[in-house]
Chemist: 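Have a look at this one before I ask anything.
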There are 2 protein chains.
Amino acid sequence: MENKGNFGQTASAPTARERPTLKTIAFMTGLGVTTVSRALKDAPDIGAETKERVRMVARQLGYQPNRAGVRLRTGKTNVIALVLSIDEEIMGFSSQMVFGISEVLSGTPYHIVITPHSHSKDPMQPVRYILDTGSADGVIISRIEPDDPRVRLLTERGMPFATHGRTDAGLTHPFHDFDNEAFAHQAVEKLVERGRRRIALLQPPSKLTYYAHIRIGFQTGLHDYGAEEVPLRVNTDAPLADIRDIVEVMMRSANAPDGIVCSAGSAAIAVNAGIEAAGKALGRDLDMVSKQSVPILNWIRPEIITAQEDVRQAGREMAKAVIARIDGVEPELLQSVSQPTWPESGR
Amino acid sequence: MENKGNFGQTASAPTARERPTLKTIAFMTGLGVTTVSRALKDAPDIGAETKERVRMVARQLGYQPNRAGVRLRTGKTNVIALVLSIDEEIMGFSSQMVFGISEVLSGTPYHIVITPHSHSKDPMQPVRYILDTGSADGVIISRIEPDDPRVRLLTERGMPFATHGRTDAGLTHPFHDFDNEAFAHQAVEKLVERGRRRIALLQPPSKLTYYAHIRIGFQTGLHDYGAEEVPLRVNTDAPLADIRDIVEVMMRSANAPDGIVCSAGSAAIAVNAGIEAAGKALGRDLDMVSKQSVPILNWIRPEIITAQEDVRQAGREMAKAVIARIDGVEPELLQSVSQPTWPESGR
DNA sequence: CATTTCTACTGTATCGTTACAGATTGCATT
DNA sequence: AATGCAATCTGTAACGATACAGTAGAAATG
């Protein structure tokens, strides 16, 4: 009579080694399914010895909770959605981020689901989908704008998330960001140190928040170190061929710069091509500083002065932040900014 | 009495616009939940008019089946797992593959879950996890070996999958592969066309299947076009610094090659560095042919002769193959090999 | 000794969906 | 009029987990 609940239900498992469930453990321990469930989550109303017994059997069986069961009953998906822009992305930017995220998630029950979208299309669509279908417990997004509508929506709907990049409209949320202001400032410094004074900036598209950071760092740099800007009318999102052509024209012109600051590693390759197409050479006629997320530029031209942005680390930070947010930690405590590092160039 | 099933259950939805379920539609149409379920999957025992009505209401409500419900009941996860090696991966190889896969999956109910692992560790672990927990309907794996234990296990357990690369042990399974044999053969041809006769090969690690393909293509190429091999004792998986150093030594030696075939884009960058460190120049002292998955090499040195491997296309093919396999299509019909393309170099 | 209070455990209902085994109705057959 | 049979529709149970509302027994209380 004590096992009335199990009786006749788990008359199973004679031959086939099927996946164990709570019922299996309940049957083996002689306990009720509820008790097993509560024992495994260390509930206070279960005896210490019972918990121990349940845990042993569970480990023995290699029990892993059925995700669908949990999700259906509790709504918890154990999924983190990574929203990625499918365009651009020449270098392994997002791979690195994915790997950073996975590193953190591998010690947790979370899975990572990639939700891609074309950023030329509606960037809200994937976010809306996730919210409407409740298909994730947390979200990670990139390419943040100062008053990002995705951030607004996610906040409004109470969905935990972290961003790669900051907003700038009084929104408080977890983020990880690279200190682009410091990068641009230091970049100018490096150039001036080498005697360069007329500096061009290949900047990100102006709608992204870090455009402003780059601009500010660049301009205070110019001011602090006494240099001037040579305008460059193209941004890092442009096709590489366009960047090269425009840089070539600029380098051939009368007021060609003697220094260039480049906000993206892939673009730096095109910039370099433009420079060389104009018959100029790095280190001789001018210097270039570039940010990169993958250490590749110095393999191409050792003369490029590079700052490293550790995107894998960013992935780790954001994963930790989302999980913390899911666990109720205040957003204010989940914000971090990483500094550029300047590996000794050359090899 | 007709609505006894719904009665008292769906007395809900007064204010809050909650996510619609079958029950919601059942309530609105006055039908039973079962009928709605069957109507939506176009079952033969539901009247045409009823189906139409149900579909209209469902569309109106923006109904999307609850994944946890479906998964719990049917075991269908609607997930494709992409198993990725977290190491290496300098360039955006896997991003491109992910994007290719997503393109195909975006028109389906499938989600893509990234399951990363360190390929220095046990490569079976993620596959075992997926099988044991039934966490996906299909799997995509790369870095295939001739007698790949993952392929064996997945086949044995009846899990649909596709591989990036072939096996070579009588295993029949869906795959997409790049024709590395053709690439290597054509690469030799290109070099010989340029008057090169002493050719080195930077080959993949020998445990991977395509090592043999590259070797065969290379050797028949040498034979067909009358060239000889200069041995190069390092493979594409080696750290870039090692590759450069070894290539430099080779290029300084008495019997330096006058042509190099390189099986990976990232490695080509290091090879080039080694060549230049030895004071040699591409196009003058020697030529290099390299495969690349992202069109970057010619930005670095226009002289590199490049073959394009379209990894995004590979992602598409594999996604289509896994889904077809899930739908019961025979593996024999889901195998494809893509040919190298040789874009006009220069720009 | 009766009553309350804990401790430790359990049954039932439920999440959303679908498989299965009926129902109900109308019509054609005998 | 009884029977058979499609054509449509429906209720119930189940997938695995957990929230909730208990229950049984022991111990503490009055």
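Nothing here was measured: the structure is a model prediction, and the numbers come from that model. We use all heavy atoms of the structure for the numbers below, so side chains are in, but hydrogens, waters and symmetry mates are not. We name chains A, B, ... by the order of the sequence lines, and we start the count at 1 in each one.
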Chemist: Between A/Arg150 and A/Asp148, is there a side-chain N and carboxylate O pair less than 4.0 Å apart?
Modeler: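 Between A/Asp148 and A/Arg150 there is a salt bridge, with a charged N closer than 4.0 Å to a carboxylate O.
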
Chemist: Got a salt bridge between A/Asp45 and A/Arg38, using NZ or NE/NH1/NH2 to carboxylate O under 4.0 Å?
Modeler: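 Result for this pair is yes, salt bridge flagged.
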
Chemist: Would you mind classifying the nucleic acid contact of B/Thr35 as base, sugar-phosphate or nothing, using non-hydrogen atoms under 4.0 angstrom?
Modeler: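 Base contact.
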
Chemist: Counting only side-chain N and O atoms of A/Thr74, is one of them less than 4.0 Å from OP1 or OP2 of D/dT18?
Modeler: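 Looking at the OP1 and OP2 atoms of D/dT18, neither is under 4.0 Å from any side-chain N or O of A/Thr74.
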
Chemist: May I have the distance from A/Asn66 (atom CG) to D/dT18 (atom P), rounded to whole angstrom?
Modeler: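 One finds 10 Å between P of D/dT18 and CG of A/Asn66, rounded.
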
Chemist: For A/Arg38 and D/dC20, what is the distance between atoms CZ and P respectively, to the nearest whole Å?
Modeler: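 Nearest whole value for this atom pair: 10 Å.
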
Chemist: What I want to check is whether the side chains of B/Arg128 and B/Gln125 have a donor and an acceptor closer together than 3.5 Å.
Modeler: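 The answer is no; no qualifying pair exists.
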
Chemist: Classify A/Thr34 by what it touches in the nucleic acid, base, sugar-phosphate, or nothing, heavy-atom distance under 4.0 Å.
Modeler: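 Base contact.
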
Chemist: Provide, to the nearest angstrom, the distance between the CG atom belonging to B/Leu31 and the P atom belonging to D/dG11.
Modeler: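 Spelled out: CG on B/Leu31 to P on D/dG11 is 10 Å.
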
Chemist: Between D/dG16, C/dT17, D/dA17, spot the one nearest the side chain of A/Tyr63, thanks.
Modeler: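 The nucleotide sitting nearest to the side chain is D/dA17.
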
Chemist: Rounding to an integer number of Å, can you tell me how far A/Lys51 NZ sits from C/dC9 C1'?
Modeler: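 A/Lys51 atom NZ is separated from C/dC9 atom C1' by 13 Å.
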
Chemist: Side chain of B/Arg73, base of C/dT17: donor and acceptor closer than 3.5 Å?
Modeler: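 There is none.
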
Chemist: Within this structure, what is the CZ-to-C1' distance between A/Arg19 and D/dG16, rounded to whole angstrom?
Modeler: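 The distance from CZ of A/Arg19 to C1' of D/dG16 comes to 9 Å, rounded to the nearest Å.
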
Chemist: Measuring only between side-chain heavy atoms, which start at C-beta, is B/Leu84 closer than 4.5 Å to B/Thr115?
Modeler: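 No, their side chains stay 4.5 Å or more apart.
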
Chemist: Would you say the side chain of B/Met97 lies within less than 4.5 Å of the side chain of B/Met318, judging by non-hydrogen atoms?
Modeler: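 Heavy-atom side-chain distance check passes, below 4.5 Å.
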
Chemist: Check the angle between the aromatic planes of A/Phe161 and A/His173 and answer parallel, tilted or perpendicular using the 30° and 60° thresholds.
Modeler: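 It falls in the parallel class, under 30°.
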
Chemist: Which of residues 41-50 of chain B sit near DNA chain D, with a heavy atom under 4.0 Å from it?
Modeler: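 Within this stretch, B/Asp45, B/Ile46, B/Gly47, B/Thr50 sit under 4.0 Å of the strand.
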
Chemist: Between P on D/dT18 and CG on A/Leu40, what's the gap in Å once rounded to a whole number?
Modeler: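 Spelled out: CG on A/Leu40 to P on D/dT18 is 8 Å.
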
Chemist: Decide, yes or no, whether a salt bridge links A/Asp137 with A/Arg325 under the criterion of side-chain N to carboxylate O below 4.0 Å.
Modeler: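 The answer is no: the pair does not qualify as a salt bridge.
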
